[in-house]
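First up is the structure itself, then whatever we jot down about it.
Naming: A, B, ... by sequence-line order, numbering from 1 per chain.
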There are 4 protein chains.
Amino acid sequence: MGAVKSKRMPRAVREQQMLDAAVLTFARRGYRAASMDEIAEVAGVSKPLVYLYLNSKEELFSAVIRREAAALAEAVRAAVEPGVSADRQLWSGLKGFFAHTAEHPDGWTVLHQQARTQGEPFAVEVAVLRAEIVEFVTAMIGAAAQEAGCDREPAAREVSGLAHALVGAAESLADWANSGGPGAGERPPAKDTAATLMNFAWAGLGRLMAGERWSPGS
Amino acid sequence: MGAVKSKRMPRAVREQQMLDAAVLTFARRGYRAASMDEIAEVAGVSKPLVYLYLNSKEELFSAVIRREAAALAEAVRAAVEPGVSADRQLWSGLKGFFAHTAEHPDGWTVLHQQARTQGEPFAVEVAVLRAEIVEFVTAMIGAAAQEAGCDREPAAREVSGLAHALVGAAESLADWANSGGPGAGERPPAKDTAATLMNFAWAGLGRLMAGERWSPGS
Amino acid sequence: MGAVKSKRMPRAVREQQMLDAAVLTFARRGYRAASMDEIAEVAGVSKPLVYLYLNSKEELFSAVIRREAAALAEAVRAAVEPGVSADRQLWSGLKGFFAHTAEHPDGWTVLHQQARTQGEPFAVEVAVLRAEIVEFVTAMIGAAAQEAGCDREPAAREVSGLAHALVGAAESLADWANSGGPGAGERPPAKDTAATLMNFAWAGLGRLMAGERWSPGS
Amino acid sequence: MGAVKSKRMPRAVREQQMLDAAVLTFARRGYRAASMDEIAEVAGVSKPLVYLYLNSKEELFSAVIRREAAALAEAVRAAVEPGVSADRQLWSGLKGFFAHTAEHPDGWTVLHQQARTQGEPFAVEVAVLRAEIVEFVTAMIGAAAQEAGCDREPAAREVSGLAHALVGAAESLADWANSGGPGAGERPPAKDTAATLMNFAWAGLGRLMAGERWSPGS
DNA sequence: AATGAATGAGTGTTCATTCAT
DNA sequence: CATGAATGAACACTCATTCAT
C-alpha cells in the first residue's frame, strides 16, 4: 500500500508525508528513541530534505504535535451539536473525541504519551489543547448547573476538579479502547465508550449540581 | 546544602541513595534523556559505582519502578479500611492514593509518565500495578452493586469500563493536584482531591447500579 | 608526507582507505588494543564514518581478514605453475607465498598473529584459508609420492602431519624473514626463503615417500 | 575438584594459585580480554590481594610468561640426552617439547598465542625462550654436519633459516596436536608427533649437510 | 527539488587500580 | 592476611546536523 517511489513532488505533499512518517515513528519509538534517519527512511526521502523542510527534530516534533492537536480539536469541535442542552453537547463532543482517537491511534499516542512527557517545549503545546477541552467541559458543567436550576453557584475550584476528572477519565478510556480494552481484540465502537463515560459521569455531576454531596458518614 | 559528602557507606545505603537520585532524574528528564552521568552526580558517586550496584540503565530503571510501585501499592493497601462498606473502602483507598502521590510526586511521575511510555520491558511492570488497582476498584463497584440490592447483575465489560474511567480520573487528578492544580501554587490536601473524585463518581455509579442509564433522548 | 587531505571521496575509495588503516593498526596494536578512534585517525576520517561504512569493530576486523586472506590466497594461486611436476608446483607456490607476505607484512601479521588468536568469530575465517593451503600441500605430497613410484600408500594421518609441519615451517619463516631475520636489517628475497624451505623439506619428504624412516636406533 | 575455600595460606602457595588462575584465564580470553576480576575470582581471592602480590596486570602476565617459559625450557633441557649423537639429542629434545606442550596446553597457548602477539614488553620474553631453542637446534644441525663429515662449512644464515623452519614446524605441530589434530578427538601421543617431525626433517637436513641441494631444474 | 558524504558531541559501559578497615 | 568500597580514564557506538553537488 506504500506509495510508489515517485520523485519530484510538490513541497506541501512531501511535507505531509514526512509528518505522517514522523507521527508513526514517534508513536512507535518515543521522541528520544526515534531517529531522524528512521523518520526519513519511513518517509521515503533523504535526511537533508527533512531538514530542509522542517529544520530540526524539535521543530518536526512541534509540527507533528500542532497538526495532530489541531486535527483532534477540530474533530471535537465539529462533532459538538450547538444549541442543544448541555448534556447533549457533552455527549456529542465525547463521541467525536473517541471516534477521532480510535481512527488516529498514533496521533493520540504522540499527543497523550509522548508530547506530555517530554518537558518544556512540547508539554506546553498539548497543555493548550487540553486546557481548551477542559474549558469546554467546564462550560458544559456550568451550563448543566444552570439548567438544573442549581440554587447556589458551585465553587470554581470544584468545577475545575470535576472537569479534570472527566477529561482524565476520557483519556484513560481512549487508551483503554485503543489497546484492545477488555482483551477481546476487537475495539469497542466509539459510541459505546462515550456511553460508558456519560453514564459514569452524568448522574454524579447532576447530583453534585443539585447540592448533594457524598460524605463518609452516609 | 544537601547531605555532607560522606564516603564509604554500606552498600544498602548507597543503593537507596542511587535509587533516590534516579527517581529524581528520571522524573525531571525522562528515561532516555536522563544520563547515567547525571544520575551518578546527583547521587554523589562515580558512575562505575552505579554500574557495580545496579548493572545497567535498564536494570536501574526497573529497580526504580519496582521500588516506587511497591511503595504506592503498599500505601494504598495500608490506607484501605477493611470490613467496612464498599464506598467507605473506596474512599479510604483514594485518600491513601492521593496522599502518597502528593508526598512522592517524582515517584508518581516516573510511574505514570515515564514507565508507561517506554515500551515492553517497563510498561509491563506498571501495568501490573495498575491492574491491581483496577481490580480493587472493580471489586468495590461489584460490592456496591450488591449492597445497593442491584436487581440485575451488571455486565463485566461495563464494570471494567467504569473502573478504568475511575482510575483514569484518579490519575488525572493526581497530576492536576501535583502540578499546582488551579494555579494558586498551594496544592490541595489529599482529602479534598479524594472528595472531589468521590463526589464525582459515587452518585453516577449508584444510579448505574440501580439500573438507570443516561440516554441522548432524555 | 602522505596523501593530501582531500575530502568528499566516493564510498568505495574511502572504504579501502579505512581497511588500509585498520590493517596497519590491528597489526601494530592487536585486535583488542586497537581503538576505533586510532583507526579513524589513521584513515584520516571521523569515527562515525567508519561506523557508517563498516558497522562495528567486529565487522571491520572481519572485512580486513577477508580482504587480506583473499589477497594471499589469490597470490599463491596465481603463482603456482599448473601442469608441472609436484615439486615444481610446490616451489612456485612457496615463492608466491613468501613474496606476498614480504610485500604485505601487516596483512600477514593480522592474519597470522591477530586473527588466529581472537577466538570464535575470526579464528574460523583464517582457519579456512589455512585449510586450503594445507590441502594444496597435502595434494602436492600425494602427487610426489605417486611420481616417485611410492610402493605403499602413505597413511592419511601421516601426510596430514607432514603438511602441517611444512605449513608451520613456512609461517615461521615468513615471520622470520619479515622481522629482519638474521638481524642484518635487510630482508632476504622471497626466492631465498623459499629455497631454504624447499631444501629443508624436499629430501625428507622424498625419502619418506620412498618408505624410509628415521629411527632412534640408526 | 577445586580446592576447598581455605583461608590464610602462606604467600608462596597463594601466589601459585593466582598464577594458575591467570594462565587459565589468559589462555581462554587473551591478554586484553582477561579481566583482573575474573582472574581473582578463578583464583578464589579478592582482587586487592592479587595486586598486593603481583602489583599489576602487566607484571602478572610477565610472571606467568616467565613461569611457563622456564617450565618449558626446563622440560626440554631435562629431556635431552647428553653425550649422544646429534640426531638422538634432537629426537629426545623434541619428545620433551611435545610431551610438555601436550601436558600444559594452557601454558603453551599463553606463550605461543598470547605473549607473542602483545607487542613490546611481552614478546621479548618469549623471544628469549625461542632464541634458546633455536640455538640448541642450530647447534644440533651444526654437530650433525660435522658428524656427517660435511666437506664445506654451511653458511650461518642458511643454518639459521633451517633452524627457524624446524622450530616453526614444531610449534605448528604442537598446536595441531593440542587442537585435536586430525579431528579424531583423541590427541596423538607426543612420541608420534615427534616422530612425524623427525622423519620430515632429518633426511632433508642430512642431504643438505652432504652438500646436495634441491633445484628447480631437477 | 534532492542527495551522498561527512562530523562534533555525547551515551552506556568496562576495566585496571587504590584506599580504609 | 584479607577485603568491601570506590574511581579516573578510556572505549565502542549513536545521533542530530551540515556541506557540496
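Taking both residues in full, the closest heavy atoms of C:L19 and C:A63 are given as CD2-CB, 3.9 Å, listed atom of the first, atom of the second, then distance. Closest heavy-atom contact between C:A40 and C:V50: CB-CG2, 3.9 Å.
Note that the CE atom of D:M18 and the CG atom of D:L60 stand 9.0 Å from one another [nearest 0.5 Å].
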Report, as a single string ordered 5' to 3', how protein heavy atoms within less than 4.0 Å touch nucleotides 14-21 of chain E: B base, S sugar-phosphate only, - not at all. BBSBBBS-

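In this entry the distance linking CG of B:L49 with P of E:dT13 reads 15 Å, nearest Å. The CE-C1' distance, from C:M9 to E:dG4, rounds to 14 Å in whole Å. In this entry the distance linking CZ of C:R29 with C1' of F:dC11 reads 15 Å, nearest Å. Here F:dA5 presents its P atom at 11 Å from CE of B:M18, a figure rounded to the nearest Å. Rounding to whole angstrom units, OH of residue C:Y53 and P of E:dG4 are separated by 11 Å. The CD-P distance, from B:E38 to E:dT11, rounds to 9 Å in whole Å. The CZ atom of C:F61 sits 17 Å away from the P atom of F:dC11 (whole-angstrom rounding). Look at CD on D:E15: it is 12 Å from P on F:dA2, rounded to the nearest Å.
Residue B:R14 places none of its side-chain N or O atoms closer than 4.0 Å to OP1 or OP2 of F:dA5.
Using cut-offs of 30° and 60° for the angle between ring planes, the C:Y31 and C:F26 rings count as tilted.
Checked against C:D37 for a salt bridge (Lys or Arg N to Asp or Glu O under 4.0 Å), the options C:K47, C:K57, C:R29 give a single hit: C:K47.
Across all strands shown, E:dT7 forms a Watson-Crick or G-U wobble pair with F:dA16, both key distances being under 3.5 Å. Searching all strands for a Watson-Crick or G-U wobble partner of F:dT21 with both distances below 3.5 Å returns E:dA2.
No side-chain N or O of A:T117 forms a donor-acceptor pair with one of B:Q114 less than 3.5 Å apart.
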Verdict with supporting geometry, C:H104 and C:L72, side chain to side chain contact (heavy atoms under 4.5 Å, CB included): CA-CA 9 Å; C:H104 303 278; C:L72 175 54; over 6 Å; no

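Among the heavy atoms of the strands lying under 4.0 Å from C:R11 are primed sugar atoms or P, OP1, OP2 only; no base atom is included.
Of the candidate nucleotides E:dA6, E:dT3, F:dT3, E:dA6 has the atom lying nearest to any side-chain atom of C:L52.
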